[in-house]
Protein chains: 2
Amino acid sequence: MTAMAIAGTNRRERVTLGGRVHTELRELLMSGELAPGQKMSLRNVAEALGTSMTPVREAVARLVAEQSLEVLPNRAVRVPLMTRERFRELTTVRLAVEGYAVEEAARRRTEADLAAMRCFEDAFLAEARSPRPQAERAVRSNKELHFAVYRAAGLPTLVGIIEGLWLKIGPVLNLDLKVSPERLKTGGATEHHRRLVAAVEAGDGCAARSALVDDIKGAASFIESTGRLLDEAGPDLNRHPVGALAPEGETQPERDIATAHLGSR
Amino acid sequence: MTAMAIAGTNRRERVTLGGRVHTELRELLMSGELAPGQKMSLRNVAEALGTSMTPVREAVARLVAEQSLEVLPNRAVRVPLMTRERFRELTTVRLAVEGYAVEEAARRRTEADLAAMRCFEDAFLAEARSPRPQAERAVRSNKELHFAVYRAAGLPTLVGIIEGLWLKIGPVLNLDLKVSPERLKTGGATEHHRRLVAAVEAGDGCAARSALVDDIKGAASFIESTGRLLDEAGPDLNRHPVGALAPEGETQPERDIATAHLGSR
DNA sequence: TGCTGCGGTCTGTGATCACATTTAAGCTGT
DNA sequence: ACAGCTTAAATGTGATCACAGACCGCAGCA
C-alpha cells in the first residue's frame, strides 16, 4: 500500500510527496496553527499525513534549513521560540525588505496587480468589519493582500525572501491574532491597507513605504505589548513545549484543527 | 560499512551527514566549480562523497528549495541556467538588500568588525596585485570581505538572505572570474572595496551603499558583457545542459576529479 | 521519604530495498 | 544499411529496516 496510490499525485505537474508535506507544514506555520515551542515527531506527522517518514523528513529538513523549524541538541524538532531580540531583528529586516518591495510595486504595478490588491483588501475589510470576525480568514486575506503588492514589484526572488520572513514570524504574528481578534478593529490595519493600496495605485513609492511601515510597526508593537515574547531563552524552556503535534491522552481543540488539516488520507 | 565511521562526525556539535553534504555542494556552487547546466546524479554524488543516497537527497532537496539547484520535468537535477532576465533580477535584489546591509553596517559596526574587514580586504588586495592571481583565493577573499561587512549590520537574518542570493548568483559570477582573472585588476573591485571599508569605518552609510552599488554593478556589467547569459530559455536547452556556459567536447582543466565524478553518468 | 540506577520506548539519522519513469543502446525487420 | 522497436541500465522517489542516543517511568536503596 503505497501512499502514492492514496493521493492522486499522478498529475502532469511534478509534485513530489515531500513537496506536498512541505507546503502543508508551511501553511500550518504561516497561519499560526503550530504554536512556537510546539514539538513535532516525524513519525506522527507522517502518520497524520498518511505517508512514510521519508517525505516528512525531507520537508522538515527544508523547513529547518530556512529556520522555520529548529532541531534541538537533543534532536527534537519544534517550532522555534521567539525571543524579543529575534522578533525585533525580523521586524527590522521586514521593514527594509518589504518596504523596498512596496516602493518597487508602486513603480511597476500593472492594472491586473491593482485589481488583485483591491480584491484581497475588500476581503480583509469585510472580515474586519464583520460582527464575528474569523481570524483564519482575516489572516489569509491579510497575507494575500500583502503578497499581491509584493508580487507587483516584479521580483520573484524578493517575494521568495519575504515568504521566508513571514514563515519565520508567522507563528507568533498569527497566533496572537487568533487569541485576540479585536485587534482587527482597533489595530488600524484596515487604514494602513487603504493607504498602501492607494499609494501603490498612485505610484507614490514613498507613501506606500510609509503605509507599510506603519502596518508592520503597528502589528509589532502590539505583539510586544502582549508580553508573550521571551526576554531570553532560558534553558529549561526547551523542556516545556506547548504541546505535541500528536495529541496524547486528551486532545485540545486547536490541536484538533491542526491534526485535521494535516490528515489528508 | 557505515559512512558515519568514515568521517569523524562524533563532534560535540550536531552535524548531520546531510548537513555536511549540503555545505560541500554549497561551497562547490559558490566557488563556481559546478557550472550552470551541469547535471548531477544523486547516486554518483553519494558515491563520490562516500555516503548513501539519503543525505545527498536531503542536501539536494534543500538546495532545490533555495533554488540553487533545480529539478527538470524529467526528474534530472542540475545547476540552474542563468537567463539574462534572471541575472538582472538577482542583481536588482542584491543592490537593494546588500545596499541596506552596508548602510546598517556603517551605523552599527564595532572595532572587531572593522578589523575583520581590513583583514579580508588586505587578503583580496594581495591576491589582486599578485603577478599570478589565483581566482580561487580571490573569490574567497572577496566573499569573506563582503560578508564581514554584512555581518557588521548585526542582522543575522539579513546575512542568511544574502547568502541565499550569493548561492544563486555564485556559479555565474565566480565561473566567469575564473575564466578571466584579469578582471581582478581592471574591474576596479579593489577601489570599490577600499571605498566601502572606509565609508563603513567613517560611519557614512550613504557612501558605503554607493561603493557597494558600484562594486555590484561593475561585476554585473562585466558578466553581461561576456555574453554568456541566455537570452531566453529555449525548451531544447534542457537537453543540452553543459553547453550553455561551459564549452562541451573537451573537458575543462578545472573540472577536477571530484567534480567530474559528481556529474551524472 | 527522597535520590539513584536501570530498562523500555521513542526519537532522528543513515542505509537499503522497491518501483515507476526515463534514457540509451542493441537488435530485428524490411 | 537504416529506421523503428525492444530491452536493459540508470534515475529520482517513497517505504522500510537498522541503530545510536535521549527521555520517561519504575523499582530499589539509603
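Each chain gets a letter, A, B and so on, in the order the sequences are listed, and its residues count up from 1.
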Checklist entry - Rounded to the Å, how far apart are B:Arg78 CZ and D:dG12 C1'? => result 16 Å

Identify each atom pair where a protein N or O and an N or O of nucleotides 9-11 of chain C are less than 3.5 Å apart, giving names and distance.
unit_1	atom_1	unit_2	atom_2	d
C:dT11	OP1	A:Ser41	OG	3.2

Checklist entry - Does B:Met53 or A:Met53 map to a spot on DNA chain D nearer the 5' end, using the closest nucleotide for each? => result B:Met53

Item to check | d(NZ, B:Lys39; P, D:dA10) in whole Å | outcome: 15 Å

Checklist entry - So, B:Glu163 and B:Lys168, do they make that salt bridge, N to O below 4.0 Å? => result no

Item to check | B:Tyr150 and B:Phe147 aromatic ring geometry - parallel, tilted or perpendicular at 30°/60° bounds | outcome: perpendicular

Next on the checklist: How many whole angstroms separate atom CD of A:Glu58 from atom C1' of C:dG12?
Outcome noted: 16 Å

Checklist outcome for this item: Here the distance between atom C1' of D:dG12 and atom CD of B:Glu70, to the nearest Å, is 15 Å

Item to check | Non-hydrogen side-chain atoms of B:Arg26 and B:Leu28 separated by less than 4.5 Å | outcome: no

Item to check | For atom CG of B:Leu72 and atom C1' of C:dT21, their distance in whole Å | outcome: 15 Å

Checklist entry - Is A:His146 close to A:Phe120 at the side-chain level, that is, under 4.5 Å between some pair of heavy atoms? => result no

Checklist entry - Looking only at side-chain N and O atoms, does B:Ser52 come under 4.0 Å of OP1 or OP2 in C:dA15? => result yes

Checklist entry - Ignoring hydrogens and angles, does a donor from either the side chain of B:Arg57 or the base of C:dG14 sit under 3.5 Å from an acceptor on the other? => result no

Checklist entry - Quick one: B:Asn74 CG to C:dA20 P, roughly how many Å, whole number? => result 20 Å

Next on the checklist: Per the salt bridge (charged side-chain N to carboxylate O under 4.0 Å, His left out) rule, what does the pair list look like for residues 139-161 of chain A, sequence neighbours excluded?
Outcome noted: none

Item to check | 4.5 Å side-chain heavy-atom contact, A:Val21 and A:Glu58 | outcome: no

